[in-house]
Amino acid sequence: MEKLTEAQIEKHLENVEGWDYYDDAIHTTFEFDNFMDCFSVMTRIALEAEKMEHHPDWHNTYGTLEITLSTHDVNGLTENDFKLAAAIEHIVGDE
């Protein structure tokens with residue numbers, strides 16, 4: 001697992017709409033109509049993250065889900081972060 005360069009990160013960001021890069025991580029926020037819709041998406045993300053063995057840092061308040069992705073082993077971003085971000089986008093898009 002290799003830490004991505006700034007140029008690689010910028011290129012990957014083109015493929016995950018709505019994610020911001022700062023503090024050596026990528027971040028996004030999703031808004032849902034209610035807690036159950038939000039929790040349902042969180043459950044689907046958790047199952048995917050477990051399969052990938054790469055887990056998000058996240059915070060949920062009612063219908064809001066804030067997600068931060070980074071790879072702690074390299075103290076920054078790797079390909080795995082962007083793979084999980086793409087999977088999350090797919091999951092949220094299905095809702």
Side-chain angles (χ1 to χ4, degrees):
M1 212 172 359
E2 292 184 26
K3 184 175 179 177
L4 298 175
T5 66
E6 295 290 321
Q8 290 171 315
I9 292 167
E10 292 301 322
K11 181 103 174 114
H12 281 293
L13 282 170
E14 295 172 6
N15 299 317
V16 287
E17 196 171 319
W19 291 77
D20 297 314
Y21 169 60
Y22 56 90
D23 296 335
D24 291 321
I26 53 175
H27 311 264
T28 196
T29 301
F30 297 105
E31 298 285 337
F32 300 92
D33 291 336
N34 54 57
F35 177 76
M36 285 306 298
D37 288 347
C38 187
F39 191 79
S40 172
V41 166
M42 290 176 71
T43 301
R44 292 177 63 203
I45 292 169
L47 293 171
E48 185 64 28
E50 188 65 18
K51 280 194 284 187
M52 295 176 70
E53 296 181 1
H54 192 61
H55 305 93
D57 292 325
W58 56 12
H59 177 78
N60 160 250
T61 303
Y62 188 67
T64 302
L65 176 58
E66 299 171 9
I67 301 174
T68 299
L69 299 177
S70 66
T71 301
H72 302 289
D73 291 342
V74 301
N75 200 28
L77 293 169
T78 66
E79 295 282 337
N80 286 344
D81 297 299
F82 286 98
K83 287 178 184 175
L84 183 54
I88 290 168
E89 288 296 320
H90 180 76
I91 290 167
V92 172
D94 286 348
E95 285 299 308

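A heavy-atom distance below 4.5 Å is found between the side chains of Asn34 and Tyr62. Using a 4.5 Å heavy-atom threshold, the side chains of Glu66 and Trp58 count as separate. Counting heavy atoms from C-beta outward, His54 and Lys83 have side chains that stay 4.5 Å or more apart.
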Q.
Walk me through whether Phe39 and Asn60 qualify under side chain to side chain contact (heavy atoms under 4.5 Å, CB included).
A. CA-CA 8 Å; Phe39 191 79; Asn60 160 250; 5.6 Å; no

- Lys3 and Leu77: side chain to side chain contact (heavy atoms under 4.5 Å, CB included), yes or no, with the steps? CA-CA 6 Å; Lys3 184 175 179 177; Leu77 293 169; over 6 Å; no

Walk me through whether Ile67 and Ile45 qualify under side chain to side chain contact (heavy atoms under 4.5 Å, CB included). CA-CA 11 Å; Ile67 301 174; Ile45 292 169; 4.1 Å; yes

Requested in this report: Start with the C-alpha gap between Ser70 and Asp24, add the side-chain angles, then the distance that decides, and say whether side chain to side chain donor-acceptor pair (under 3.5 Å) holds.
Outcome: CA-CA 7 Å; Ser70 66; Asp24 291 321; over 6 Å; no

For a side chain to side chain contact (heavy atoms under 4.5 Å, CB included) check, start with the C-alpha distance between Glu48 and His90, then their side-chain angles and the critical distance, and finish with the verdict.
CA-CA 11 Å; Glu48 185 64 28; His90 180 76; over 6 Å; no

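Under the ring pair (Phe, Tyr, Trp, His ring centres under 6.0 Å) criterion, His27 pairs with Tyr22, sequence neighbours left out.
Of the N and O atoms on the side chains of Tyr21 and Glu6, at least one donor lies less than 3.5 Å from an acceptor on the other residue. Residues Glu31 and Thr64 bring a donor and an acceptor atom of their side chains to less than 3.5 Å of each other.
Val74 and Ile9 sit in two unconnected hydrophobic clusters of ILVMFWY residues. Membership requires side-chain heavy atoms under 4.5 Å apart, directly or through other members. A continuous path of hydrophobic side-chain contacts links Met52 to Phe82 [ILVMFWY only; heavy atoms under 4.5 Å].
Checking each of Val41, Asp37, Ile88 against Phe30 for a side chain to side chain contact (heavy atoms under 4.5 Å, CB included) leaves exactly one that passes, namely Ile88.
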